[in-house]
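Working notes, beginning with the structure itself.
Keep in mind that the numbers below use all heavy atoms, side chains included, and drop hydrogens, waters and symmetry copies.
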Amino acid sequence: MTPLTGPQLTELIDSLAGLPYGGEAVDQRTHALQAAWFAADAGSDDELVVAAALHDIGRAKSVRAEYPNMPHELAGAAFARDRVGERVAWIIAQHVPAKRYLVATDAVYHDLLSPVSVASLKRQGGPMDEREVAEFGAHPMAEDAVKLRRWDDAAKDPDGSVLPIAELVAAHERVVARAAAGGDAG
């Protein structure tokens, strides 16, 4: 793994400015930093904060070029696996399945989705079936993916709080330092 540097992470996040977020009221940069703010505000560990910021990074032009013809969550996971770590990558990969899981397991969740998210749910396979629900729910990091999904859904407010990029970079640097030391990154 060759970790992202702080300046590379900043450049990557800043490259999302102005990139449309599928018809939502915020651009991809605001969405990323708002999701990270929700994670930090909830007291999440550094890896989950970084995963929240990078969950849609598969939509970034540079990531799409490196991982072409992949759904954004899988491109983002591949990118994160190579530069941040396995846990962050898994959470990113599972933020779309987490939506399908929540629609199948939470009676009111579907009603909270934006029209854009409802439309993408259909393309993503709709609600999980019982077998998929059991498999997803049994994974030890499923709860993290579900948290990220809820922050993803909430991070669409043009007037909402965002995590300052310096705080994201600091969280990322702690993740990298712990990984380099061989310790738990969370």
Side-chain angles (χ1 to χ4, degrees), residues 1-22 26-99 120 124 136 139-152 155 161-186:
M1 178 179 86
T2 304
L4 282 174
T5 65
Q8 288 170 328
L9 177 60
T10 300
E11 182 180 337
L12 183 63
I13 295 295
D14 286 346
S15 77
L16 300 173
L19 185 63
Y21 179 50
V26 296
D27 66 11
Q28 291 283 347
R29 183 182 188 277
T30 299
H31 177 66
L33 293 174
Q34 211 167 83
W37 181 87
F38 281 116
D41 189 59
S44 300
D45 63 53
D46 290 332
E47 282 183 311
L48 195 47
V49 170
V50 171
L54 296 179
H55 76 278
D56 280 341
I57 207 63
R59 298 183 194 281
K61 184 177 181 180
S62 62
V63 176
R64 286 193 329 262
E66 188 172 347
Y67 303 95
N69 305 315
M70 295 176 79
H72 83 280
E73 68 276 14
L74 299 182
F79 178 86
R81 186 172 292 109
D82 293 343
R83 293 168 182 84
V84 184
E86 185 57 41
R87 179 172 173 235
V88 171
W90 190 89
I91 295 166
I92 290 170
Q94 297 305 309
H95 84 276
V96 169
K99 176 167 65 170
S120 67
Q124 294 159 345
F136 182 87
H139 194 283
M141 290 186 281
E143 183 179 330
D144 290 336
V146 167
K147 287 178 189 176
L148 172 55
R149 180 73 237 175
R150 291 188 186 276
W151 300 325
D152 181 8
S161 297
V162 297
L163 189 69
I165 195 75
E167 289 182 34
L168 174 60
V169 169
H172 170 71
E173 288 175 348
R174 288 188 297 268
V175 169
V176 170
R178 281 191 286 272
D184 179 87

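Partners of Arg64 under the salt bridge (charged side-chain N to carboxylate O under 4.0 Å, His left out) rule, at least two apart in sequence or in another chain, do not exist in this structure. With sequence neighbours excluded, the residues satisfying side-chain contact (heavy atoms from CB on, under 4.5 Å) with Ala17 are Asp27, Arg29. By the side-chain contact (heavy atoms from CB on, under 4.5 Å) test, Ser120 pairs with Lys99, Ser117, Arg123, Gln124, sequence neighbours left out. Taking His172 as the reference, nothing meets the side-chain hydrogen bond (donor to acceptor under 3.5 Å, both in side chains) condition, with sequence neighbours excluded. With sequence neighbours left out, Ser44 forms a side-chain hydrogen bond (donor to acceptor under 3.5 Å, both in side chains) with no residue at all. Every side-chain hydrogen bond (donor to acceptor under 3.5 Å, both in side chains) that Asp56 has, sequence neighbours left out, goes to His31, His72, His95. Judged as a side-chain hydrogen bond (donor to acceptor under 3.5 Å, both in side chains), and not counting sequence neighbours, the contacts of Thr5 are Gln8. By the side-chain contact (heavy atoms from CB on, under 4.5 Å) test, Glu143 pairs with Lys147, sequence neighbours left out. Evaluation of the side-chain contact (heavy atoms from CB on, under 4.5 Å) rule for Glu11 yields no partner, not counting sequence neighbours.
His139 and Trp90 have parallel rings, their planes meeting at less than 30° on a 0 to 90° scale where 60° marks the start of perpendicular.
Within 6.0 Å of the CG atom in Asp14, the count of heavy atoms belonging to other residues, nucleotides or ligands exceeds 12.
Here the CG atom belonging to Leu54 is positioned 11.0 Å from the CD1 atom belonging to Ile91, to the nearest 0.5 angstrom. Taken to the nearest 0.5 Å, the CG atom of Leu148 stands 10.5 Å off from the CD atom of Gln94. The distance from the CD1 atom of Ile57 to the CG atom of Leu9 is 8.0 Å, given to the nearest 0.5 Å. Taken to the nearest 0.5 Å, the NE2 atom of His55 stands 11.5 Å off from the CG atom of Leu48. Rounding to the nearest 0.5 Å places CG of Leu4 at 11.0 Å from CD of Glu173.
Summarising the geometry of Ala53 relative to Ala32, their closest heavy-atom pair is O-CB, 3.1 Å, with the distance given to 0.1 Å. Closest non-hydrogen pair, Leu163 versus Ala36, comes out as CD2-CB, 3.8 Å. Scanning all heavy atoms of the two residues, the minimum distance from Ile92 to Ala51 falls at CG1-O, 4.0 Å. Between Val169 and Gly6, the closest heavy-atom pair is CG1-CA, 3.7 Å. The two residues Ala77 and Ala93 make their nearest non-hydrogen contact at CB-CB, 3.6 Å. Looking at every heavy atom in both residues, Ala80 comes nearest to Val88 through CB-CG1, 4.0 Å.
Looking at Phe136 and Val146, their side chains come closer than 4.5 Å, going by heavy atoms from C-beta outward. Considering only heavy atoms from C-beta on, Val49 stays 4.5 Å or farther from Arg174 through its side chain. Under the 4.5 Å side-chain criterion, counting only non-hydrogen atoms from C-beta, Leu12 is in contact with Val63.
When each of Thr30, Val26, Leu168 is checked for a side-chain contact (heavy atoms from CB on, under 4.5 Å) with Val162, only Thr30 meets the rule.
Applying the salt bridge (Lys or Arg N to Asp or Glu O under 4.0 Å) test to residues at least two apart or on different chains, the pairs with a partner in residues 74-86 are Glu66-Arg83, Arg81-Glu86. For residues 69-79, there are no salt bridge (Lys or Arg N to Asp or Glu O under 4.0 Å) pairs, not counting sequence neighbours. Within the structure, the side-chain hydrogen bond (donor to acceptor under 3.5 Å, both in side chains) test picks out no pair touching residues 32-43 (sequence neighbours left out).
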